[in-house]
Amino acid sequence: MLEQVIFYTILTGFLITVLLSPIFIPFLRRLKFGQSIREEGPKSHQKKSGTPTMGGLVILLAVAITTLTMVFKFSEPSVEIYLLLFVMIGFGVLGFLDDFIKVVMKRNLGLTSRQKLVGQIIISVIFYLIYRKTDAFVPEISIPGTDLALHVGWFYLIIVIFWLVGFSNAINLTDGLDGLVSGTSAIAFGAFAVLAWNQSQYDVAIFSVSVVGAVLGFLVFNAHPAKVFMGDTGSLALGGAVATIALLTNLELLLIIVGGVFVIETLSVILQVASFKTTGKRIFKMSPLHHHYELVGWSEWRVVVTFWSVGLLFAILGIYLEVWL
């Protein structure tokens, strides 16, 4: 029975996105919600200027509709479901404001770093305050591949903020090539669906596979050459959601492995900035890392497929450490 629920959840999320996107994309185009491409980015990306963005709204709508429909149909919605939707929509709204400022108010950088950080922290603290009142709350950090767990007490609030802010920004940084985040996030959420199912957290598993279905449906229009971008609306929401799943399943450190592509992309930016500020030299031709491979001559599609493959290996490793080791 549960296997059927998982299948129909993925199918529903996929179909909603596939059916809504052809309506939504022309609407975004009429509103002139086109992506502005940074001049310092790869020159080959300039032709993408004007491609509709904010497509993440379709993903959010598909995930919310699919999750609530399936949960109400096959079980009773848990607090975890509402926390997941709260964080996903909250970060999605923050990303929408960022996108809106970029494309409508013509400020290419969107929200300032401080404004975005404050918004992310507020959402993270609200999540923590609600989560700590639930029976599922355990202020511990599990060590992947072992039975060990560290009790961290009040410091868990810092971990919540760091994980939600860090991974929402990590997926946002990864969103630089057609289909890159759609594919890697589908893999990461698929892995956490397996892990949540293994813990009998079926509502969390349903949410996870609804995201898988929605982003795969979005990939139909986001694969190279992309007809629409998810924008910060989608990438911040997906990052916040996957971090929330890791927190709810008490698999915080395992997210570093399952989301290894996002971690590596973020580290490439940190290393590039640190190297340039300390030595005046760049480690990569451009960061995040996917741009480096473009500039050494890889096609965009080759970079994306390679990163998908690496993401799949990380996901398999994460499941192995938690389920089979």
Mind checking side chain to side chain contact (heavy atoms under 4.5 Å, CB included) for I23 and listing every partner two or more places apart, or none if nothing turns up?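 For I23, no residue satisfies side chain to side chain contact (heavy atoms under 4.5 Å, CB included) once neighbours in sequence are set aside.
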Is [Y] close to [X] at the side-chain level, that is, under 4.5 Å between some pair of heavy atoms?
{"X": "V204", "Y": "L195", "answer": "no"}
{"X": "F262", "Y": "L255", "answer": "no"}
{"X": "H151", "Y": "V138", "answer": "no"}
{"X": "V215", "Y": "F189", "answer": "no"}
{"X": "F155", "Y": "I158", "answer": "yes"}
{"X": "V58", "Y": "F221", "answer": "no"}
{"X": "T12", "Y": "T69", "answer": "no"}
{"X": "L85", "Y": "F207", "answer": "yes"}

Nearest heavy atoms of [X] and [Y], plus distance in Å:
{"X": "G56", "Y": "T233", "result": "C-CG2, 4.0 Å"}
{"X": "G311", "Y": "I187", "result": "O-CG2, 3.6 Å"}
{"X": "V87", "Y": "A241", "result": "CG1-N, 4.4 Å"}
{"X": "S287", "Y": "S268", "result": "CB-O, 3.9 Å"}
{"X": "I59", "Y": "L238", "result": "CG2-CD2, 4.5 Å"}
{"X": "F24", "Y": "M54", "result": "CE2-O, 3.7 Å"}

Going by atom types alone, do S210 and T9 pair a side-chain donor with an acceptor below 3.5 Å?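 No.
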Looking just at side-chain N and O atoms, do S182 and N222 make a donor-acceptor pair shorter than 3.5 Å?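 Distance-only check passes for S182 and N222.
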Any donor-acceptor N/O pair, [X] side chain to [Y] backbone, under 3.5 Å:
{"X": "W308", "Y": "G179", "result": "yes"}
{"X": "Q115", "Y": "T112", "result": "yes"}
{"X": "S275", "Y": "K281", "result": "yes"}
{"X": "H292", "Y": "K285", "result": "yes"}
{"X": "D178", "Y": "A223", "result": "no"}
{"X": "D175", "Y": "V181", "result": "no"}
{"X": "T146", "Y": "I143", "result": "yes"}

Verdict with supporting geometry, I6 and W197, side chain to side chain contact (heavy atoms under 4.5 Å, CB included): CA-CA 10 Å; I6 296 299; W197 188 339; 3.7 Å; yes
Do [X] and [Y] belong together in a cluster built from hydrophobic side chains that touch within less than 4.5 Å?
{"X": "F91", "Y": "L173", "answer": "no"}
{"X": "L247", "Y": "L129", "answer": "yes"}
{"X": "M70", "Y": "I65", "answer": "yes"}
{"X": "L61", "Y": "F72", "answer": "yes"}
{"X": "F284", "Y": "V273", "answer": "no"}

Which pairs, with at least one residue in residues 51-70 and sequence neighbours excluded, count as a salt bridge (charged side-chain N to carboxylate O under 4.0 Å, His left out)?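 Pairs touching residues 51-70 that pass the test: none.
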Which pairs with one or both residues in residues 217-240 pass salt bridge (charged side-chain N to carboxylate O under 4.0 Å, His left out), sequence neighbours excluded?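 Residue pairs passing salt bridge (charged side-chain N to carboxylate O under 4.0 Å, His left out), neighbours aside: K102-D232, K116-D232.
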Nearest-0.5 Å distance, [atom1] of residue [X] to [atom2] of residue [Y]:
{"X": "L177", "Y": "E300", "atom1": "CG", "atom2": "CD", "result": "4.5 Å"}
{"X": "I81", "Y": "L248", "atom1": "CD1", "atom2": "CG", "result": "9.0 Å"}
{"X": "W163", "Y": "F167", "atom1": "CH2", "atom2": "CZ", "result": "6.0 Å"}
{"X": "Y131", "Y": "L157", "atom1": "OH", "atom2": "CG", "result": "13.5 Å"}
{"X": "I159", "Y": "L253", "atom1": "CD1", "atom2": "CG", "result": "8.0 Å"}
{"X": "D98", "Y": "L236", "atom1": "CG", "atom2": "CG", "result": "7.0 Å"}

Evaluate the criterion side chain to side chain contact (heavy atoms under 4.5 Å, CB included) for residue pair I206 and V5; output intermediate values, then yes/no. CA-CA 8 Å; I206 287 174; V5 174; 3.9 Å; yes
Here's a test for you: under side chain to side chain contact (heavy atoms under 4.5 Å, CB included), which of I264, V263, V258 qualifies with F314? I264
Could you note down all residue pairs passing side-chain hydrogen bond (donor to acceptor under 3.5 Å, both in side chains) where [range] supplies at least one of them, sequence neighbours left out?
{"range": "residues 80-92", "answer": "S78-E80"}
{"range": "residues 253-267", "answer": "E265-H290"}
{"range": "residues 242-261", "answer": "S142-N250, Y156-E252, N250-E252"}

Can you sort out the partners of [X] under side chain to side chain donor-acceptor pair (under 3.5 Å), two or more places apart, ordered by chain and number?
{"X": "Q199", "answer": "Q201"}
{"X": "T184", "answer": "none"}
{"X": "S208", "answer": "none"}
{"X": "S235", "answer": "N172"}

Using the test ring pair (Phe, Tyr, Trp, His ring centres under 6.0 Å), find all partners of Y293 that sit at least two apart in sequence or belong to another chain.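 Once residues adjacent in sequence are excluded, the partners of Y293 under the ring pair (Phe, Tyr, Trp, His ring centres under 6.0 Å) criterion are W298.
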Distance-only donor-acceptor hits, side chain of residues 118-128, under 3.5 Å, sequence neighbours excluded:
residue: Q120; atom: NE2; partner: S168; partner atom: OG; Å: 2.9
residue: Q120; atom: NE2; partner: N169; partner atom: OD1; Å: 3.0
residue: S124; atom: OG; partner: Q120; partner atom: O; Å: 2.7

Is the count of non-hydrogen atoms from other residues, nucleotides or ligands lying under 6.0 Å from Y8 atom OH greater than 12? no
Determine, stepwise, if the pair L251 / E322 fulfils side chain to side chain contact (heavy atoms under 4.5 Å, CB included). CA-CA 9 Å; L251 298 172; E322 180 63 21; 3.5 Å; yes
Check against side chain to side chain contact (heavy atoms under 4.5 Å, CB included), N198 and I319: CA-CA 10 Å; N198 184 61; I319 293 172; over 6 Å; no
